[in-house]
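Numbers restart at 1 for each chain; the letters A, B, ... are given by sequence-line order, proteins then strands.
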Amino acid sequence: MDKITTIKGFKDILPDETGKWQYIEENARRIFACFGFSEIRTPILERTELFKRSIGESTDIVEKEMYTFTDRGDESLTLRPEATASVIRAYIEHALYAKDNIAKLYTIGPMFRRERPQKGRYRQFHQINAEALGIEDPRIDAELILMLTHFLDQVGLSEVALEINSLGCIRCRSDFKKSIVTFLKGKEKDLCEDCRRRITTNPLRVFDCKVQTCAEIIKDAPGLLDFICTECSDHFEKVKDSLQLFNIPFRINPKMVRGLDYYTKTAFEVTTNLLGAQNAIAGGGRYDALVKHLGGPDVAGIGFAIGFERLLALVSMKDKQFSDVPQLFIAALGEAAQKKAFVFCNRLKLKGIPSEMDYTGKSLKSQMKRADKLESLYVLILGDKEIAENSAELRNMRKSTQETVELDRIEEIVIRKIQEG
RNA sequence: GUGGGUGUAGCUCAAGUGGUUAGAGUGCCGGGUUGUGGCCCCGGAGGUUGAGGGUUCAAGUCCCUUCACUCACCCCA
């Protein structure tokens, strides 16, 4: 019989890792709440049309990376490859804009993309997303970036860089696209195969092609930042000014092009060089046309996504205690002692004191070993001798000290000891 | 989808050019102590060498096929 295993690119998150996951999540929740964000949870399965319309038909995600299937009859469904589309869908569907002009939302959960797995890339991966809807002011761009960098700093992430760019609005970007296509016309034969394809699919992508000859050619092309309209460039200036108010270091990367069609104006990425080929640990940007494009009101938006697994890989947390250890382990010897131990052990749990015992009736030595392995603070030794004398031995495992306590008062004594530390 | 690397005990890895019964560390279980953890000492369990086929007197080792993992390209978190 063959073993049944996880499918390619999917991972179990095992008990010794979940503490770290919770630590990251708790920090995100606390900090995001402080910035006025509320949690939203949306389904991981959506109608395929949602992603086609928001992310863009000709993007890699939609063209070849989605888990799409036909549900029984004829409806096409897709496991979400990213969160923003779902959040906006919910925002429109429940008319959240009618309750408040401004909505600040975050969500944490799994995303799915069917790519070849490699370091820092999985087919099921997790993201922490934040979206601010209804604010056009460039200060919110900076505030969101401030929240992101503050969060990364709080969870102990260093050696990361912030890169920003402006992609222009729908109008100036499409003008720019045209000028790039014109520029590349006639030079096709010197471009790599991918870039020849990009001319029709996504000409801006030629900018970050790693092939030497393509880089040479595109070097002389007009830059997006020189091309954007006054409104967009004004917006970008204000974002930069606001970032400087908080001394957030950033680098302008005019070649940064984001992979989703809906981005406009401000785009940003937090990168590292410690993760191999996957250098982006967080990315985001403004998407002022998306809400309307998905059938909602004409509302501005901006958001970011943090790659959970990539973040975890970078955060060193060896000094922190992530798992709860039992405060008391009861080593019981013999029938009568086990019965007493069982009652006592569970009474402590009901009082909120983590306690453990052994049900196998093994030797005291092996029970002590288990208590040690669990890193229990105290061990209560309860045997026939103690039962007969109406007492028990209470051992402090850290200090290796031990004392005899009255059996009738053990509950009270143990609780006091534990509270004293 | 394309290319490289790697598959041996739960985990990390050994086994010159093919050659007895595939080893070690760690972890697990037990003993050394009739009822006391860690350190130390001793013992035990645990393997279809990823799978299938081929060459050979003989394959963990060589050849073919296949699968898995992994890194990279593309793209992205």
Exam field: side chain Gln367(A) to backbone Lys362(A), donor-acceptor pair closer than 3.5 Å: yes
When you compare the protein's N or O atoms with those of nucleotides 65-70 of chain B, which come within less than 3.5 Å of each other, and at what distance?
{"unit_1": "rC69(B)", "atom_1": "OP2", "unit_2": "Lys8(A)", "atom_2": "NZ", "d": "3.1"}
{"unit_1": "rU70(B)", "atom_1": "OP1", "unit_2": "Lys11(A)", "atom_2": "NZ", "d": "3.3"}

Nearest-Å distance once atom P is located in both rG54(B) and rC42(B): 46 Å
Ile330(A) CD1 to rU36(B) C1', straight-line distance once rounded to whole Å: 16 Å
Can you give me every donor-acceptor pair (side chain of residues 270-285 of chain A, partner residue at least two apart or in another chain, under 3.5 Å) with its distance?
{"unit_1": "Thr272(A)", "atom_1": "OG1", "unit_2": "Leu274(A)", "atom_2": "N", "d": "3.1"}
{"unit_1": "Gln278(A)", "atom_1": "OE1", "unit_2": "Gln118(A)", "atom_2": "NE2", "d": "3.2"}

Under 5.5 Å and under 30°: Phe308(A) stacked on rA77(B): no
Between rC62(B) and rU49(B) - P atom distance, rounded Å: 16 Å
From rA77(B), rG35(B), rC29(B), nucleotide with atom closest to Arg113(A) side chain: rA77(B)
Salt bridge Lys351(A)-Glu411(A), side-chain N to carboxylate O under 4.0 Å: yes
Gap in Å between the two C1' atoms, one belonging to rA9(B) and one to rA24(B), rounded: 11 Å
Sugar-phosphate, base or nothing in reach of Glu309(A), heavy atoms under 4.0 Å: nothing
Ring pair (Phe, Tyr, Trp, His ring centres under 6.0 Å) against Phe112(A), all qualifying residues, sequence neighbours excluded: none
Nearest-Å distance for atom pair CG/P, residues Leu380(A) and rG37(B): 17 Å
Any donor-acceptor N/O pair under 3.5 Å between rU36(B) base and Gln367(A) side chain: no
Sugar-phosphate only, base, or nothing, as touched by Gly120(A) at under 4.0 Å among non-hydrogen atoms: base
Touch class at under 4.0 angstrom, heavy-atom based, for Ile281(A) against every strand present: sugar-phosphate
Glu39(A): salt bridge (Lys or Arg N to Asp or Glu O under 4.0 Å) partners, not counting sequence neighbours: Arg29(A), Arg41(A)
Spacing of Met368(A) atom CE relative to rU33(B) atom C1', expressed in whole Å: 13 Å
Which residues share a salt bridge (Lys or Arg N to Asp or Glu O under 4.0 Å) with Arg113(A), sequence neighbours left out: none
Atom pair distance, as rounded to whole Å: CD in Glu63(A) and P in rC74(B): 16 Å
Nearest-nucleotide 5' precedence on RNA chain B, Glu115(A) against Ser366(A): Ser366(A)
Between P of rU36(B) and CG of Leu328(A), the distance in whole Å: 19 Å
Base of rC71(B) paired with side chain of Arg121(A) (donor-acceptor, under 3.5 Å): no
Contacts of Glu163(A) that satisfy salt bridge (Lys or Arg N to Asp or Glu O under 4.0 Å) - sequence neighbours left out: Arg251(A)
rC28(B) to rU65(B) separation - P atoms, rounded to the nearest Å: 43 Å
Protein-nucleotide distance (Lys64(A), atom NZ; rC74(B), atom P), rounded to Å: 10 Å
Pairing residues for Arg395(A) by the side chain to side chain donor-acceptor pair (under 3.5 Å) criterion, not counting sequence neighbours: Gln402(A)
Consecutive-pair stems (3 or more, Watson-Crick or G-U, under 3.5 Å) for RNA chain B: B:1-7 with B:67-73, B:10-13 with B:23-26, B:28-32 with B:40-44, B:50-54 with B:62-66
Phe32(A) and Phe37(A) aromatic ring geometry - parallel, tilted or perpendicular at 30°/60° bounds: tilted
Which residues share a side chain to side chain donor-acceptor pair (under 3.5 Å) with Glu46(A), sequence neighbours left out: Ser86(A), Arg89(A)
What's touching nucleotides 38-42 of chain B from the protein side, N or O pairs under 3.5 Å?
{"unit_1": "rG38(B)", "atom_1": "O4'", "unit_2": "Asp372(A)", "atom_2": "OD2", "d": "3.3"}
{"unit_1": "rG38(B)", "atom_1": "O6", "unit_2": "Ser400(A)", "atom_2": "OG", "d": "3.2"}
{"unit_1": "rG38(B)", "atom_1": "N1", "unit_2": "Ser400(A)", "atom_2": "OG", "d": "2.8"}

Touch class at under 4.0 angstrom, heavy-atom based, for Asn279(A) against every strand present: base
Sugar-phosphate, base or nothing in reach of Ala277(A), heavy atoms under 4.0 Å: base
d(CD, Gln402(A); P, rG35(B)) in whole Å: 15 Å
rC71(B) and rC64(B), which share atom name C1', separated by this distance in whole Å: 25 Å
Note: Arg409(A)-Glu412(A) ion pair, threshold 4.0 Å (strictly below): yes
Rounded distance in Å between the P positions of rU56(B) and rU61(B): 16 Å
N/O donor-acceptor pair, side chain Glu386(A) with base rG35(B), under 3.5 angstrom: yes
Whole-Å distance separating the CG atom of Leu364(A) from the P atom of rG31(B): 11 Å
Salt bridge (Lys or Arg N to Asp or Glu O under 4.0 Å): pairs with one or both residues in residues 268-288 of chain A, sequence neighbours excluded: Asp141(A)-Arg286(A), Arg258(A)-Glu269(A), Lys265(A)-Asp288(A), Arg286(A)-Asp288(A)
Shortest non-hydrogen separation from Thr107(A) to Ala83(A) and the atoms involved: CG2-CB, 4.0 Å
rC69(B) versus rU8(B) - spacing of their P atoms, nearest Å: 14 Å
Pairwise C1' distance for rG46(B) and rG25(B), with rounding to whole Å: 15 Å
Non-neighbouring partners of Thr68(A) that pass side chain to side chain donor-acceptor pair (under 3.5 Å), sequence neighbours left out: Thr78(A)
